[in-house]
Amino acid sequence: MFSDYDAFARMYDRHWGKNTIARLPLVRELVLSRLAPGAKILDLCCGTGQVAHALTCDGFVVTGVDGSSEALTLARRNAPDAQFLHADARTLDLPREYDAVLSLFDSLNHVLTLPDLSAVFRNVRTALRDDGVFLFDLNTENKYRTTWTGSFAIVEDDLVGAFRGGANFDEKIATFDAALFEKQASGAWRRANVHLRQTWYAETEVLCALETAGFSHVTVHCPDGPDKLYFHASGSGSRE
């Protein structure tokens, strides 16, 4: 399942990874400012490690989890002070030791069914301390109707990509297709075809799934307008 993410990892790291830290001010306001120095944070679907690096620079103890082994190779380079685990968020089984779990940059839109998303929420709740908090974002349907579709290209001396975004609103599936060309040490070019899929959920579906997973306090924020929602969730006894 993760082979397309492996093929996309280098291009993502170079051109999208830096965007993952754009909302760190919001993360600091909603989560980090409430944590003690040295608190343990789980960066779920951590990609190539830019958020993990920023968190370790702030003095937190960070564990990143991702299903792409190639993304984790880059994450270990980008965030050498963090720890990383190769795992699927839907089957994640971690001890209850984290003060916060973050999942940013529409990572959970890649979880394509509500039962699977609910499983992720249960796994997160299991990993959180009783007073822990969970912050994640999700693209809304509006995002896929307004700015997702279209084509563009990136051309560099050693890496070339042609990209196309689309959406099927009857099936609730958004697609992101890429033809990637990477220059090898020999001078030859290697091609990889990437096909990524996302979906979207109604706010009420997400809230119900969080409640079922054991999160009793949830607030929803939309600092980016109608395209994205941020969910701040905690269980009983949390710092709300």
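One-based numbering along the sequence shown. Hydrogens, waters and symmetry mates play no part in the numbers below; they use all other heavy atoms, side chains included.
- For Thr146, the side-chain hydrogen bond (donor to acceptor under 3.5 Å, both in side chains) test picks out no residue, with sequence neighbours left out.
- With hydrogens and angles ignored, the 3.5 Å screen pairs a side-chain donor or acceptor of Asn123 with a backbone N or O of Ala89.
- Under a 3.5 Å cut-off, the side chain of Asp13 and the backbone N or O of Ala9 do not form any donor-acceptor pair.
- Salt bridge absent: Lys143 and Asp224 never bring a charged side-chain N and a carboxylate O closer than 4.0 Å.
- Considering only residues two or more places apart in sequence or on other chains, His86 meets the side-chain hydrogen bond (donor to acceptor under 3.5 Å, both in side chains) condition with none of them.
- Atom CG of Leu94 sits about 9.5 Å away from atom OG1 of Thr126, to the nearest 0.5 Å.
- Of the possible donor and acceptor atoms, none in the side chain of Trp148 sits under 3.5 Å from a partner among the backbone N and O of Asn142.
- Classified by interplanar angle (parallel below 30°, tilted 30° to 60°, perpendicular above 60°), the ring pair Trp200/Phe169 is tilted.
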(message) Please determine whether side chain to side chain donor-acceptor pair (under 3.5 Å) holds for the pair Thr56 and Asp81, giving the CA-CA distance in whole Å, both sets of side-chain angles, and the decisive distance to 0.1 Å.
(response) CA-CA 6 Å; Thr56 58; Asp81 294 326; 4.8 Å; no
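- Distance CG/Asn78 to CZ/Phe84: 8.0 Å, rounded to 0.5 Å.
- Between Thr48 and Thr20 the shortest side-chain heavy-atom distance does not fall below 4.5 Å.
- With contacts defined as side-chain heavy-atom distances shorter than 4.5 Å, the pair Val220/Val206 does not qualify.
- Among residue pairs with one or both ends in residues 161-172, none qualify as side-chain hydrogen bond (donor to acceptor under 3.5 Å, both in side chains); sequence neighbours excluded.
- Between Trp16 and Phe152, the ring planes are tilted. Angles from 30° to 60° get that label.
- At a cut-off of 3.5 Å, with distance as the only test, a side-chain donor of Glu156 or His15 sits close to an acceptor on the other residue.
- A salt bridge is defined here as a Lys NZ or Arg NE, NH1 or NH2 lying under 4.0 Å from an Asp or Glu carboxylate O, and Asp106 with Lys228 meets this definition.
- Residues Leu135 and Arg23 are not in side-chain contact: their nearest non-hydrogen atoms beyond the backbone lie 4.5 Å or more apart.
- A donor-acceptor pair under 3.5 Å is formed between the side chain of Arg34 and the backbone N or O of Leu30.
- Here OG of Ser234 is found 8.0 Å from CZ of Arg125. Values are rounded to the nearest 0.5 Å.
- Taking both residues in full, the closest heavy atoms of Leu108 and Cys45 are given as CD2-SG, 4.2 Å, listed atom of the first, atom of the second, then distance.
- For the ring pair (Phe, Tyr, Trp, His ring centres under 6.0 Å) test with Phe231, the passing option among Phe136, Phe215, Phe134, Tyr201 is Phe136; the others fail.
- Put simply, the side chain of Arg96 gets close to the backbone of Leu128: a donor and an acceptor are under 3.5 Å apart.
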